[in-house]
There are 2 protein chains.
Amino acid sequence: MKENERKYRSGCPVAYTLEALGDRWSLLLVRDLALKGVKTYGELLDGWEGISTNILAQRLKHLEDHGIVSKSRDPENWRSYIYELTDKGRDLAPVLAELILWGGKYDRSDDRITETVDKVTRDRERFEREIRAGDVKKPLSSPSADE
Amino acid sequence: MKENERKYRSGCPVAYTLEALGDRWSLLLVRDLALKGVKTYGELLDGWEGISTNILAQRLKHLEDHGIVSKSRDPENWRSYIYELTDKGRDLAPVLAELILWGGKYDRSDDRITETVDKVTRDRERFEREIRAGDVKKPLSSPSADE
DNA sequence: CTGGATCCCAATAGATACTG
DNA sequence: CAGTATCTATTGGGATCCAG
């Protein structure tokens, strides 16, 4: 099946972007791949708000098809796969930064949010550089402590 | 009904943002309200990629609930409504800019895209300022010529 | 054991027709 | 013009099953 590529010939770059990322999960996956040390299917499965297995597989495939995520064997654990952002995926760093800043500006409901936003605000250059370098461990936002 | 506010307590500003805007239409509507001179239900209906009436109504309500869009009577035409971005909505200008730049970088399939992207790249300050000022007519991207 | 496919079913998105 | 009503299609959750 062809995903949802129907319309969107549009001539608008926003439409193109939303075709690739305009659903409730894709950007959250990109966030986790970019900002947390997360790399495997299993790590992506828990981690946070609870995506189900079929949706995760489907979204990963979708992101792969769009050249945003790459999939390879884990050299240290052959039975596992590694999902990573491609260059194209890492180029989403500024988008992530803006999403964080906007969300942070209007949702101060949680101390962790304040903290994350402050970090991006204070050193946005570094934030984007780290994502692009792809060598982030856990630079920002560690939602590990979920209830 | 309560939309989809179930999860997303998350403590992550990205999740907050995506709860408000993480679907295929919301950001396109924001784009049209921000970048084109579009203000009414009817104008939003056509214009581009073809949203259906119930979805448009639903998304507008959703954006209103999230304080991104405001609705008021058109003083010059009492039988019509005016939809406008609120301050919160206009604060999405940097997000839009990044979506345009990313989309434009990877989709050069259309001359109009190149054109739009070039404009944002060349004078991003002005782009964001105009959106925030709310006095844009048709500053960027005029997809008027759809087939 | 990890990464996924499949099935079932609930909930949401969406097209079309119709209404105040 | 600005929506609702109705109906269909797609998405998504959760459990289970299956392959390497």
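Naming: A, B, ... by sequence-line order, numbering from 1 per chain. Being a predicted model, the structure only gives us computed values, none of them experimental.
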Of C:dA5, C:dG3, D:dG13, the nucleotide closest to the side chain of A:Ser80 is C:dG3

Worksheet entry | 4.5 Å side-chain heavy-atom contact, A:Thr17 and B:Ile100 | no

Rounded to whole Å, NZ of A:Lys39 lies from C1' of C:dG3 at a distance of 17 Å

B:Ile51 atom CD1 is separated from C:dA13 atom P, nearest whole Å, by 11 Å

Taken to the nearest whole Å, CG/A:Asn77 to C1'/C:dC1 is 9 Å

* Carboxylate-amine/guanidinium proximity below 4.0 Å for A:Asp123 and A:Lys119 -> no

Side-chain contact check for B:Tyr41: nearest option of C:dT16, D:dG13, D:dT4 is D:dT4

*Classify the nucleic acid contact of A:Asp23 as base, sugar-phosphate or nothing, counting any heavy atom under 4.0 Å across all strands shown.*
nothing

Assign each of A:Arg73 and B:Lys71 the nucleotide of DNA chain D bearing its closest heavy atom; nearer the 5' end lies the nucleotide of B:Lys71

- request: Ignoring backbone atoms, establish whether A:Arg79 has a side-chain N or O less than 4.0 Å from OP1 or OP2 of D:dA19.
  value: no

Whole-Å distance, A:Asp74 CG to C:dG3 C1', equals 13 Å

When rounded to whole Å, the CG to C1' distance for the pair B:Leu45 and C:dA15 reads 12 Å

- [ ] Give a yes/no on whether any side-chain N or O of B:Arg24 is located under 4.0 angstrom from OP1 or OP2 of C:dG14.
- [x] yes

To the nearest angstrom, the CG-P distance between A:Leu56 and D:dT11 comes to 16 Å

Notebook entry, point to check: Looking at B:Gln58, does any N or O in its side chain come under 4.0 Å of the phosphate oxygens OP1/OP2 on C:dA13?
Noted result: yes

Practice task
Taking only Lys NZ, Arg NE, NH1 and NH2, and the carboxylate oxygens of Asp or Glu, determine whether A:Asp74 and A:Arg79 approach each other closer than 4.0 Å.
Solution key: no

Presence of B:Ser52 side-chain N/O under 4.0 Å of C:dG14 phosphate oxygens OP1/OP2
no

note: A:Trp25, atom CH2; C:dT12, atom C1'; distance rounded to Å ~ 14 Å

Kindly indicate whether the side chain of B:Thr53 and the base of C:dA17 share any N or O donor-acceptor pair separated by less than 3.5 Å?
yes

Among D:dG13, C:dA15, D:dT4, the one nearest any side-chain atom of A:Asn54 is D:dG13

Query raised in the report: Is the shortest side-chain N to carboxylate O distance from A:Glu43 to A:Lys39 below 4.0 Å?
Result: no

Side-chain atoms of B:Tyr81 come closest, of D:dA2, C:dA13, C:dG14, to D:dA2

Here the side chain to side chain donor-acceptor pair (under 3.5 Å) pairs for residues 92-102 of chain A, sequence neighbours left out, are A:Glu98-A:Arg124

From CD1 of A:Ile55 across to P of C:dA11 the rounded distance in Å is 15 Å

